[in-house]
Structures are given as C-alpha cells and as structure tokens.
Amino acid sequence: MTQHIGRSREESTPVWPARHHAPKGAPNIVVILMDDMGFSDPGCFGGEIETPNMDRLAKEGLRFNHYTTHPICSPARAALLTGINAHAAGTGWLSNNDAGYPGYRGEIPPDCATLPETLRASGYATCAVGKWHNTPTADCTPAGDKRSWPCQRGFDHFHGFLEGETHFFFPTALTAGNQVIPVEAYPRDYYATDDWMTQSLRWVTDLRAHSPDKPFFLYVANNAPHAPLQAKPADLAKYRGRYDIGWSALREARHKRQIAMGLIPPDTKLPASDPRVATWEKTDPADRAMLARHMECYAAMIDCVDQNIGRLLDYLDEIGERENTIILVTSDNGATDAGGPTGMFNNNRRYMGLAPPPIEVERATAHDLGSPRSASLYPTGWGEMCNAPFPSFKTYTGAGGRRVSFILSWPRRIRDPGAIRQQFVHVTDIMPTLLDCAAAPPLERVHDRTARHMDGRSFAALLREPASASPRHEQYYECWSNRAYYRDGWLVRSIQKRGAEIDWNNWTLHDLTRDFSESTDLAAQNPEKLKELVEAFDTAAWSNQVYPLDNRDRLDKFRDLAPEYAVRADQPRRFLPGADTVHRFDTFPLISDRDYVIAARATYRKGDQGILWAIGDPTGGMVMWVEGGRLHFHYNGFGETTDLPSVPMPEGEATIALEYRAHGQRRGEGRLVIDGAEAVPFTPMSPTMVFYGVFEGLDVGLDRRGPVLWDLYERHGAFPYSGRIRDVTVTPGQRAPR
C-alpha cells in the first residue's frame with residue numbers, strides 16, 4: 001500500500017513501517033558461560049562436583065569432547081560474541097588495557113557484528129548478566145566512552161560488572177544498562193551468582209508480560225569459579241572433607257570415570273604432572289587441611305551455579321518453553337595454575353606483584369577461606385586435576401587451557417539425547433551455529449560499516465546428524481606468547497616461561513587422533529609435519545593481528561597506558577563528597593608505587609563520626625575515619641597491616657593529610673599531618689599499592705560495598721561521616737626507584 005497524505009484524515013492513506021519479527025517457532029537461546037572451569041569439573045565430564053542440572057542438560061542434549069576456546073577470558077568472550085578470531089576482533093589479551101596494537105586494543109571493533117546485534121535485528125530480545133570484560137578499563141568508568149558497553153553492542157539490558165573479576169559478596173560498580181547502581185551496602189546474604197539468575201528470570205518474566213512469543217537471547221556470563229574463591233556457607237559446608245584425599249588420587253579418579261562414561265578414548269593416557277605440582281603424598285601434612293579447603297570452596301561455587309541453572313530449567317518448564325530453548329553451557333578457558341604450590345588466601349597479592357605470605361600465616365587463616373574476608377585462589381595441583389585428562393592451564397596453549405567442557409541442549413531438535421560428539425569445533429563456531437538455528441541472517445552492515453565476515457563455521461548439522469563432518473579442520477591459538485596450531489588431527493604448541501625472552505623454536509608436536517591428551521611429543525619423528533604447522537601458525541598470526549607477541553609479566557602489561565592517561569596520572573585530582581565510588585582507574589595511578597598526599601578538608605563538631613575517605617576493599621587498601629572523638633587510620637597492604645596511633649580530632653574545619661613516601665622495592669612509610677603540623681610521624685607502611693591490586697577505588701565520606709576494615713564494617717556498616725567534608729585531594733609525587 002502506498003501512503004498518501006491529503007488535507008484531512010479522510011483524504012489520506014496511512015502506512016506503518018514494517019517491524020522485524022523472528023521467524024515463527026524461532027528458539028530461545030541461553031548461553032551459560034563459566035569462568036575458568038576445567039574440562040573435567042562437571043559431573044557429566046568426570047568430576048565429583050555435584051552438578052545435577054548440567055548433567056540433566058547433557059542427558060537430554062549433547063556433549064562435545066573436542067571443543068576449543070581461546071585460553072583466557074576477554075579473547076574467548078570476544079570470539080564467542082562475534083564469530084571472529086579474537087586477535088582479529090581486537091582482543092588478543094585481557095581488555096584491562098589497550099596495548100596500542102590492532103590485535104590488542106581490548107575492545108571489539110565496530111565492524112564486528114555481535115551475536116546480540118544480529119539476533120536483535122532478526123526480532124530477538126537480548127539480555128546479558130554477570131561478567132562482561134570486553135571494554136578497556138579506561139572506558140569502564142562512568143565518564144568513559146560507552147561504545148563497547150553491552151547495551152551499545154546489542155544487548156537490550158545488562159546487569160552485571162564490566163571488568164574481569166569482582167568480589168562475590170560486594171561486587172564493585174554493579175551496572176544496570178549504562179548506569180552504575182548506587183549501593184552503599186549490600187544485604188548480608190547477597191551473592192553475585194544468585195543475583196545473575198534472579199535478574200535473568202525477572203527479565204524473561206517482564207518480557208513475557210509484554211510479548212508472549214518474542215524469542216530471547218540470554219547471556220549468563222558467570223564469574224564463577226574465577227577467583228576470588230568465595231562461596232556461601234551452606235554450599236561450603238556441603239563439600240567439607242570431600243577433598244581430603246588430595247588432587248593426585250582425584251585426578252586419577254576423574255580420568256577413570258571419563259573412560260568409563262565413553263567421554264574420552266579408552267587408551268587415553270593421563271599425562272605426567274606439571275613439575276610444579278607435588279604429589280599429594282609429598283605435600284606437607286600440616287598444609288593439607290588448608291589445601292583441601294581451597295578446593296571445597298571452588299566446588300561449592302560451581303555447585304551454586306548449577307543450582308541456579310536448575311532455577312532456570314524449572315522456570316522454563318513452568319512457562320512451557322523448555323522444549324524450544326537452546327541452552328549452551330561451556331567455559332571461557334580452562335582452570336588456572338596461578339595459585340602456586342599452596343594457593344593463596346589473598347590472591348590479589350599476585351596482582352600486586354607480591355609473594356605469598358609465610359605459610360604459617362596462610363595456615364592460620366585457612367578456616368576463613370571462602371568467606372567475604374578472603375580473596376583466595378586454589379593451588380596449582382587442583383587446577384591440574386580440574387583440567388584432567390589434559391596437561392597445561394589457562395593462558396597456555398596446551399589442552400588444559402584450550403579444551404573445555406561443552407554441553408548443548410535443544411529438546412525439540414536433538415534426536416540422540418545423551419550422545420557425545422567428537423568432531424572438532426571452536427569458540428568462533430558458536431555464533432554462526434546459533435544464527436543458523438535461529439534462521440537469523442548475518443548482518444551485512446553494522447554501526448554504519450560493512451560487517452566483517454565471521455571466521456566461525458556453523459556446526460548446526462552436528463546437532464541433527466551424528467556422522468556429519470566437522471565444519472572446520474584447522475585453527476590457530478595464541479595467548480601471552482604461547483602459541484599453537486591445529487590441523488586435521490595434528491597439533492603443534494609452544495609454551496613460554498612468563499616474563500622470559502620468547503623461545504621461538506620450542507615447538508612440540510602431537511597426533512591427537514592417537515593421543516587424545518597431548519601426552520607425547522612427536523616433533524623429532526615428524527620434522528616435516530612440524531615445519532608445516534609452524535608455518536601455518538605464522539601465516540595465520542600475520543593475517544589475524546597476532547603480532548607483536550608480548551611475554552612481559554602481568555604488572556608490566558597492566559602499566560601500559562595511552563599517553564593521555566599517563567599524563568593524567570601525574571596531575572592532582574580533587575574528589576567531592578556525594579559522588580559514587582571513584583573507579584580504580586581514576587584512583588590507583590595517582591598512588592601506584594610512588595609518593596603521594598591524600599588531603600581531606602573536613603569539619604568536625606563534638607559527636608561527629610564516620611569515614612572521611614577509603615580506598616580499596618577487604619583485599620587491600622586504606623581508610624581514615626573519626627570515632628570516639630579521635631582520628632584513626634588503617635593501612636592494609638594485602639595482609640600486611642599498619643594502624644597509626646589515633647589522635648584527637650580537632651574541632652572546626654581542618655585539613656587532614658596522609659603523606660606517603662615510596663622508597664623502592666615496594667617499601668614505604670606514611671605519616672598524618674593536620675593543618676600542616678605532624679600529628680603522627682612517619683611510620684613503615686608497606687607494601688606500596690599498585691594498579692589493579694584491588695577491586696574498588698575511592699569513597700569520600702563513607703566506605704561503600706566492600707569494606708577496607710572488616711571490624712569497622714561489623715560495627716558501623718558503610719559508616720557515613722556525620723560532619724561536613726569539603727573535598728579530598730590526591731596529589732601524586734615522585735615514582736619509586738625500580
């Protein structure tokens with residue numbers, strides 16, 4: 001019908017523009033992404049962790065035993081959401097920083113159409129909850145460019161956090177849509193994993209209240225079981241004592257179960273343990289209760305996710321949409337080795353570049369592992385067990401980093417429920433597969449640009465036909481200078497020592513058709529195959545923006561700042577009361593291993609009390625407060641604490657300053673100065689703070705969310721200051737000698 005506009009309505013013909021609608025019967029799509037979960041952790045992949053709901057999905061769906069991913073968080077997520085190789089999608093490493101090279105910008109380019117953008121264009125409603133980690137930290141602040149936030153990349157709604165990890169009981173900068181949710185203190189029973197599913201079900205309920213048949217795409221991006229390992233007391237109690245037998249025996253038990261259930265070939269070898277992993281029998285008996293407690297917490301976190309998957313399945317059954325909902329469960333990468341031989345009560349010490357404290361200190365805090373006061377990570381031995389039967393870990397290109405569990409359920413379409421698919425598929429194949437299932441065509445243009453073609457290939461035929469060929473036969477991998485290339489059953493890999501000069505020639509060769517677990521190096525016997533695959537990697541690396549490789553350690557990489565931010569880090573900053581928590585990106589460069597002054601201008605009258613300012617959270621930081629008419633200051637150097645002597649708080653307006661001097665070797669000292677006069681002399685206060693050491697930044701006039709000082713939180717909660725604070729100014733000074 002042609003629109004006609006006359007002088008009156010009676011003389012005119014209206015026309016309404018067509019709306020996009022999904023094809024009738026299009027399935028709902030739910031992607032449940034785990035964070036750092038090993039291949040063998042779910043029960044249906046050989047684990048002893050109770051995962052009845054993942055197991056139910058596997059029983060009514062399919063398991064894939066040769067699914068691979070990029071072996072670290074942000075790249076895996078970028079590849080999943082775009083169908084494009086991670087480096088080509090600008091995300092070769094963590095999104096925490098922009099390294100200044102095309103493959104390492106830390107955000108998805110605008111011409112890479114995302115899965116939610118594409119599905120939304122085909123009539124889907126879209127929602128993401130949980131962890132994002134596809135926006136550079138500089139743009140995760142309220143003043144940052146929001147072009148790569150979830151709601152600018154195709155999601156109608158987002159509820160979660162933008163960065164790579166956060167506290168499970170006190171999430172930092174929890175965001176709804178494009179706004180940080182104002183929170184002074186979370187309920188005492190808050191737990192992030194439960195919140196993600198509560199928000200998911202609420203969103204679907206609201207959608208169904210307004211549209212009974214619009215299909216939806218729900219992206220549940222769990223941050224569990226990524227560090228910090230924190231679990232609810234009831235879930236922790238469930239696993240008490242289950243890991244006392246140790247990782248050596250449990251790794252072998254998982255391997256045997258995998259063979260018995262037909263998940264892996266019967267001749268699969270269990271590779272020799274990593275040299276850093278002692279057999280359980282050789283660990284110190286005095287440590288074993290502590291070592292087991294780490295794994296109890298990790299298992300409890302996965303169990304909690306599974307409980308929430310059960311909530312989703314029950315809900316979909318209740319509304320009658322379970323049959324036509326695709327549910328995919330997988331992990332961004334494998335389990336990690338980063339906890340070291342005995343794990344760490346406060347894993348954020350690692351981000352601070354600090355060694356674990358004395359083992360006696362770790363043992364003394366073992367009873368508190370998993371609580372809100374801890375921020376732990378399990379020992380390397382548990383990570384090796386979680387990745388069974390594979391060697392290697394997260395960030396490395398051995399199978400333990402690349403190969404993860406993969407479950408896909410679609411009751412309406414899968415004809416052989418409970419089956420195992422052995423064909424090779426990759427994370428980039430998820431998007432084209434789901435688009436095929438939804439009959440949603442790829443976008444030709446996105447953000448006023450020609451959309452890039454996906455690298456992924458649809459494996460939708462595998463959902464229907466067990467004998468269908470794999471949609472791909474080769475793939476490159478790179479993470480933190482570790483490299484690998486797979487082609488037609490053969491794999492080459494090169495594993496680097498972190499922080500060392502890159503070894504360009506230490507390739508090993510593996511025939512995965514005969515050696516499922518990559519246990520045997522055949523490089524010496526097959527030099528031509530080795531040469532072929534090494535050259536293939538190099539070709540793929542140049543075409544996917546993989547170069548230049550960067551093998552520096554984490555702290556050095558995190559120090560990379562674009563020039564504008566480096567200049568800003570040397571300028572004094574004034575912060576006003578009433579603003580939400582100042583992001584760590586705007587706070588920590590000012591105090592990172594350098595001299596600084598933090599000065600608060602505040603007015604005190606008798607009876608006033610509360611927090612003047614706080615930086616950090618339970619893992620580390622500092623807080624200045626007034627209580628009982630006296631001024632107090634506490635410094636938590638990630639377990640190394642300093643409390644300055646309290647002094648009388650002067651009446652009227654005063655300028656109260658912490659002056660800090662950094663001496664190098666991460667040592668420093670601080671003093672309190674009131675109106676220019678020394679109130680407390682310089683006192684050792686170490687280690688110095690560095691960027692990315694904590695989750696939270698600066699609060700003025702209270703301590704929101706995660707408290708720096710637990711005892712103070714127990715007494716007063718967020719403890720807002722009852723007097724007047726004019727401002728808090730942070731003046732950065734000379735950097736410590738290196």
Side-chain angles (χ1 to χ4, degrees), residues 36-41 45-49 71 225 227 229 242-259 263-296 298-299 331 333-344 350 356 359 377-405 479-480 482 484 491 493-498 506 508-510 512 514-523:
D36 290 9
M37 185 175 78
F39 179 85
S40 67
D41 283 329
F45 276 78
E48 69 294 318
I49 301 171
L229 301 188
R242 294 201 191 185
Y243 291 95
D244 291 353
I245 191 175
W247 52 63
S248 300
L250 285 167
R251 182 179 182 232
E252 293 177 359
R254 287 189 176 193
H255 176 234
K256 290 177 181 177
R257 278 195 296 271
Q258 290 169 335
I259 291 174
L263 181 70
I264 66 177
D267 60 350
T268 300
K269 296 179 182 178
L270 195 59
S273 283
D274 189 285
R276 297 169 295 169
V277 177
T279 62
W280 187 257
E281 291 71 24
K282 291 183 179 180
T283 60
D284 190 329
D287 293 340
R288 289 177 188 166
M290 175 186 70
L291 302 180
R293 175 78 176 201
H294 278 289
M295 188 60 198
E296 291 168 6
Y298 176 85
S331 181
N333 46 253
T336 182
D337 66 337
T342 58
M344 203 180 293
R350 179 168 59 97
I359 192 63
L377 181 61
Y378 54 70
T380 302
W382 292 123
E384 183 172 76
M385 181 199 74
C386 294
N387 291 333
F390 301 124
S392 194
F393 305 89
K394 171 186 177 180
T395 76
Y396 300 98
T397 48
R402 301 183 340 267
R403 296 178 72 164
V404 295
S405 46
C479 181
W480 223 331
N482 302 297
L491 177 93
R493 69 180 195 222
S494 168
I495 306 297
Q496 303 298 314
K497 181 179 179 181
R498 191 71 36 81
N506 67 336
T508 60
L509 177 69
H510 307 271
L512 303 190
R514 300 182 181 183
D515 178 20
F516 185 86
S517 60
E518 298 177 18
S519 63
T520 305
D521 178 15
L522 301 176

Mind checking side chain to side chain donor-acceptor pair (under 3.5 Å) for T395 and listing every partner two or more places apart, or none if nothing turns up?
R498
Which is it for M385 and M295 under the side-chain contact (heavy atoms from CB on, under 4.5 Å) test, yes or no, and what are the steps along the way?
CA-CA 10 Å; M385 181 199 74; M295 188 60 198; 3.5 Å; yes
Report the residues that fulfil side chain to side chain donor-acceptor pair (under 3.5 Å) with D337, sequence neighbours left out, ordered by chain and then residue number.
R276
By side chain to side chain donor-acceptor pair (under 3.5 Å), which residues pair with S519, not counting sequence neighbours?
D515
Is there side-chain contact between F516 and R403, with at least one heavy-atom pair below 4.5 Å?
yes
Apply side chain to side chain contact (heavy atoms under 4.5 Å, CB included) to A253 and list each qualifying residue two or more places apart in sequence or on a separate chain.
R257
Contacts of type side chain to side chain contact (heavy atoms under 4.5 Å, CB included), residue P225, not counting sequence neighbours
M34, M37, Y298, M301, I302
Among all residues two or more places apart in sequence or in another chain, which pass the salt bridge (charged side-chain N to carboxylate O under 4.0 Å, His left out) test with E518?
R402, R493
Backbone N or O of K269 within a donor-acceptor pair of the S517 side chain at under 3.5 Å?
yes
Atom pair NE2/CG of H294 and D287 - distance to nearest 0.5 Å:
9.5 Å
Within the side chain of T380, is there an N or O that forms a donor-acceptor pair under 3.5 Å with the backbone of G340?
yes
Identify, with sequence neighbours excluded, every residue that meets ring pair (Phe, Tyr, Trp, His ring centres under 6.0 Å) alongside F39.
F45, F390
Using 0.5 Å steps for rounding, measure from the CE atom of M290 to the OG1 atom of T342.
5.0 Å
Partner residues of D284 under the side chain to side chain donor-acceptor pair (under 3.5 Å) criterion, sequence neighbours left out
R363
So, do I495 and Y396 sit near enough that their side-chain heavy atoms are less than 4.5 Å apart?
yes
How far apart are the C-alpha atoms of L377 and R350, what are their side-chain angles, what is the distance that settles it, and do they pass the side-chain contact (heavy atoms from CB on, under 4.5 Å) test?
CA-CA 10 Å; L377 181 61; R350 179 168 59 97; 3.9 Å; yes
R254 meets the salt bridge (charged side-chain N to carboxylate O under 4.0 Å, His left out) criterion, sequence neighbours left out, with D41, E48
With sequence neighbours excluded, tell me which residues meet ring pair (Phe, Tyr, Trp, His ring centres under 6.0 Å) with W247.
W280, W382
Any donor and acceptor pair, going by atom type alone, linking the side chain of Y378 with main-chain N or O of A292 inside 3.5 Å?
no
Donor-acceptor under 3.5 Å (H255 side chain, A388 main chain)
no
Kindly write out the residues that satisfy side chain to side chain contact (heavy atoms under 4.5 Å, CB included) with N506, not counting sequence neighbours, or none if the list is empty.
R483, S494, Q496, D503
S248 side chain vs T279 backbone, donor-acceptor pair below 3.5 Å:
no
Is T508 reaching over with its side chain to a backbone N or O of L522, donor-acceptor style, under 3.5 angstrom?
no
Mind checking side chain to side chain contact (heavy atoms under 4.5 Å, CB included) for A523 and listing every partner two or more places apart, or none if nothing turns up?
L509, D521, L530
